[in-house]
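Data first, discussion second: the structure below is written as structure tokens.
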Amino acid sequence: MAGQELIRLEKVSKTYLMGEVTVAALQETSVTIYQGELLVILGPSGSGKSTMLNLIGGMDKPTAGKIIYRDRDLSQAHDRELTSYRRQDVGFVFQFYNLIPDLTATENVALAADLVENPLPVAQVMEDVGLGDRKEHFPAQLSGGEQQRVAIARAIVKRPELLLCDEPTGALDYQTGKIVLNFLYQIRRQGESTVIIVTHNTAIARMADRVFRMRSGQISEVVANPNPLSPERIDW
Amino acid sequence: MKTLNRKLLRTIQSTRGQFLALAIIIMLGMLIYIGMSTAYKNLAVSQQTFYTENNFADYNFQVVKAPAAVIKSVENIPGVIRATSRIQQDVSIIKPGNERATGRLTGYSLPLDREVNRLHILTGRMFEQDSSGGKIDVLVDPQYAAANNLQPGDSISIVAAGKTIPLHVVGTATSPEFIYAIRDASSLMPEPDTFAIIMMEQHQVAQILNSQGQINQIVVQLAPGVDEEAVKKDIEKILKPYGLLASYPRKDQLSHAVLQVELDQLQKISHSLPLIFFLIAAAIQFIILSRLIKSQRLQIGVMKALGYDNFRIIALYTGYALCVSLAGAVLGIGMGLLTAAAMTNLYAQFFSLPQNIGGINGQVVVLSVLISLAFGLSSGYLASRSVININPAEAMRSEAPVTGRRIIIENWHWLWQRLDSTWKMSLRSIFRNRTRFAITVLGVMSAVVILVLASFFNDAIDYMMKQNFQEVNRYDYMVRFNHLISQREVLYWSQWDEVTKVEPMLEIPVEIIHKGNTEEDLLVGMNPAGDLKGIFNQKGQPLSIPEDGVLISERTAKKLGVQVGDQVIVKTKLTTGPARTARLKVLGKNDQLLGQGAFVSLKTANQVLGESQVISAVMLKVEPGGGLVLEERFNEMTGVRSVLSRQKEQQNFEELLDSSMAFIWIMMLLGGVLGLVIVYNSSIMTFNERSKELASLRIMGFSQREVSGLLVKETWFQAATGILLGLPAGRAVGAAYVASVSTDFFSFPVIIYPRTYIIASLSAVVFVLIGLWFVTRRVKELDMLEVLKNRD
């Protein structure tokens, strides 16, 4: 299932200064991500998986090392280039949805669609995520699962090359979590985007093409999964 | 960015209270700016047009008496464009009921086309040179006509050269020199009841006054850029043989000076007062937006993660500020234009300017909108600039709790230990938000400054009046005579039952000369033992009239550089007889709020004139109720030029004070609204920011009252600081204002009554209470469950 190389991390480190303590969130990590794969990054909290996702998504810059996206070095990019990268190439899904509370579901999706030349039709995406009848509701009027589906709609409406999901089911119950994962699985099947899911839920790894296991700021293991399962067949 | 615009609208909707409050401040700023600037421009343009159209004099000369032909020599001086000679003299008007008024007869040569200080007819028609039927045509100023209900066709009687002469009123007119018609520099305000400008044909004035072929005034217009001083000296040389009494430039012309002071004041206020409102709106806007951005940190992070750049996000929040400015501008333009029309109208009535001075000034409106937008743009940008520093990855993580740090007050153990925990929470919250604290305090302070200034002018005028009527002028009547008379002629007045005291006075217009400096003044001779007029020094201590020597005013002393002990030369400037000079030793300096005067004993004054026992006026103290009888008696006397009744003067001033009540109310309203908005915004922000904390307290078992108490304490601490600073600041601003508008003619004392401070403080308390009411009622709406559900 390995396509072309999409993004490559070379000895990437990230340290944070928390008060007077320096925390090494990611240490000299080198890894390659391929176009069209569904990648799951597994690890306990504090293992550096969200940090890696943020770096890949151009939300943060590494302290050392290089991040090469299609021959562009993101680690050297200016704020302006990173913004353009996030706008054109990346879609984000967050654990707590992070919808804009004073915009309706449709408007939250339109907020992202406004940014690109050729977005998917907003109404169509709302239908696709099964919210055709709830689209004029404000986030506060939606359930957690519905909010996360809006968040996914907001991420995919831009037709991003990379879809980055940080604990997408972390705040959801079992059933709703499965529905959301199914969306992500379908997106990967349609081959439109490369999907990266960060989670601490090991069961989810079974739907991935590849799995990175992380511990203490480093990738401890890379596992290829030649037969990914549909989320419907996964239990946790 | 349609969706972002929608977000902007929703944000405005959810903060509509604050949005409206801000828009109101902008509106008030616009209203004041448009109202005052338009009135100023209208008045200034009207003034200039009127001056130009009617050849307003650049220089004025007054002589005892000169042949009319002297004008030819004046006209021939290089630099003089036009010169007009005329007769001007004050005469008594006998009103129906024998009451006296003063008429300033002013002669005009027809046709008027090229003359200096031309007339502008307001109603009726021009007077004719030789009117049929032997009637003497005159025009009067509109104020006197209105106050005395005179219509064209009516007649007035004057006493001149010992005869009573009827004059035929043919209309009303004004002239650049009579825009603000007052008797002299010592009258504080117009007396339309008892002072008239009577304009008539020059030959007829000469005939009435028995002075054919003679003039006593020359008014000239000078070429632009000419050396005024040199031309003045040349003209003075020509006029010297005829008893030169005075020469003064346009800036010292009374009507012009008063109008100019008014214009200057208007311009100053129209620039400074709106600025306060714009600055405060910008400051509040800044803290509202800073707070909004802080609370929407996560959303900003998401927008950045989606790919929105800094510019668009800054534009979103700056857009909020611009919307406030626009809303304020829309409201402000309408209200401002109404205010402008009302103010212009008021000024047109106050000054005799041709009525068509109104109008909308497009430039002012556009400028006000630009100012409002500029303030919105800069406060919006300054506040939302912090967006740049928000890193999307960090913004997604919940913000670390504010580090609990010790505040300054905690170092004062004795105080801190006595505070209960709610006070400690409030104080810590205040000191954590220092910018907001500072802006709230400054805002409340500004509001209190405006409240203090509201009554400042009234206090100052009231003080001057009390000082004038109780300490300085203790007489009931001041009777001035047409000519100098012997003191013996009024001796019998003291025999009248109604009169309790008569004190003579000799007033001589003089020049005081010292080391080459000359200053015009009025030499006042009084009985050293008298007590109907008080003289005081700068410290307010009474001075007694010296038998020999002179007391001169601080103002004159300063201008001449005179010290106590110096000798000065006094030169008389009476319109009859030759000028006389005398040397007098300065024995002290007096300080007068109103009018002018150098004081000597009656004996010294007589010596200066080379006379003995002559007087020009008397001051009277009368029995209660005796005034009316006396007034009738004075009206019978042809030798009486004017009768000043203290009671009437006092009434006039009280009316003036009453008429300024509207101003006080408007200022109070402005200050109150400003304060209310500041308090409301500051406490609603505290409420929003701490709503989770407050709801948690409710869950812990705090009552609504106790929770409100936290907000109330925090607000009161800031408001009280603002009020305490605002009271002295109000006085300081008043003093600065007085210093900036003081002229030779008048100056305000910086006096603020305790009552004003109390009223300002109480008003402040009221606006704080109202502001708090809006906020504390929301404590009821605190949703305790929502707090528990939220993730951070």
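Protein chains get the first letters and strands the later ones, always in sequence-line order, with residue 1 at the start of each. For the numbers below, each heavy atom of this structure counts, side chains included, while hydrogens, waters and symmetry mates do not.
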Next on the checklist: Could you report the tightest heavy-atom contact between A305(B) and F94(A), atom names first, then the distance?
Outcome noted: CB-CZ, 3.9 Å
Checklist entry - In Å and rounded to the nearest 0.5 Å, what is the CD to CD1 distance from Q299(B) to I100(A)? => result 4.0 Å
Checklist entry - When you check the gap from the basic side-chain N to the acidic O, do E107(A) and R10(B) get nearer than 4.0 Å? => result yes
Next on the checklist: Please evaluate residues R154(A) and L306(B) with respect to the criterion side-chain contact (heavy atoms from CB on, under 4.5 Å), reporting the C-alpha separation (whole Å), side-chain torsions for both, the decisive distance (0.1 Å), and the verdict.
Outcome noted: CA-CA 9 Å; R154(A) 183 174 68 179; L306(B) 281 174; 3.9 Å; yes
Checklist entry - Which region of D89(A), side chain (C-beta onward) or backbone (N, CA, C, O), has a non-hydrogen atom less than 4.5 Å from a non-hydrogen atom of chain B, or is it both or neither? => result neither
Item to check | Part of Q13(B) lying under 4.5 Å from any heavy atom of chain A | outcome: neither
Next on the checklist: Can you confirm whether Q190(A) is buried at CD, in the sense that more than 12 heavy atoms of other residues, nucleotides or ligands lie under 6.0 Å from that atom?
Outcome noted: yes
Checklist outcome for this item: Ranking A112(A), A113(A), A155(A), P101(A) by heavy-atom pairs under 4.5 Å to chain B gives rank one to P101(A)
Checklist entry - Applying the side-chain contact (heavy atoms from CB on, under 4.5 Å) test to D79(A), which of I388(B), N391(B), N310(B) qualifies? => result N310(B)
Checklist entry - Does NE2 in H137(A) sit with more than 12 non-hydrogen atoms of other residues, nucleotides or ligands closer than 6.0 Å? => result yes
Checklist entry - Of the backbone (N, CA, C, O) and the side chain (C-beta and beyond), which part of F138(A) lies under 4.5 Å from a heavy atom of chain B, both, or neither? => result side chain
Next on the checklist: With a sphere of 6.0 Å drawn around CZ of R777(B), does it hold more than 12 non-hydrogen atoms of other residues, nucleotides or ligands?
Outcome noted: yes
Next on the checklist: Applying salt bridge (charged side-chain N to carboxylate O under 4.0 Å, His left out) to R6(B) and D102(A), what does each step give before you reach the verdict?
Outcome noted: CA-CA 9 Å; R6(B) 204 162 295 165; D102(A) 46 12; over 6 Å; no
Checklist entry - Got a sec: does the NZ of K66(A) have more than 12 other heavy atoms crowding it under 6.0 Å? => result no
Item to check | Side-chain heavy-atom pair D114(A), Y308(B) within 4.5 angstrom cut-off | outcome: yes
Checklist outcome for this item: Distance col, row M303(B):CE vs N98(A):CG, nearest 0.5 angstrom, shows 11.5 Å
Item to check | Between K158(A), Q88(A), Q95(A), R86(A), the one whose heavy-atom pairs under 4.5 Å with chain B are most numerous | outcome: R86(A)
Next on the checklist: For F431(B), is the CZ atom crowded, meaning more than 12 foreign heavy atoms sit under 6.0 Å from it?
Outcome noted: yes
Item to check | Neighbour count >12 (heavy atoms, 6.0 Å) for atom CZ, R134(A) | outcome: yes
Next on the checklist: Would you say that K304(B) contacts T83(A) through its side chain, given a criterion of any heavy-atom pair below 4.5 Å between the two side chains?
Outcome noted: no
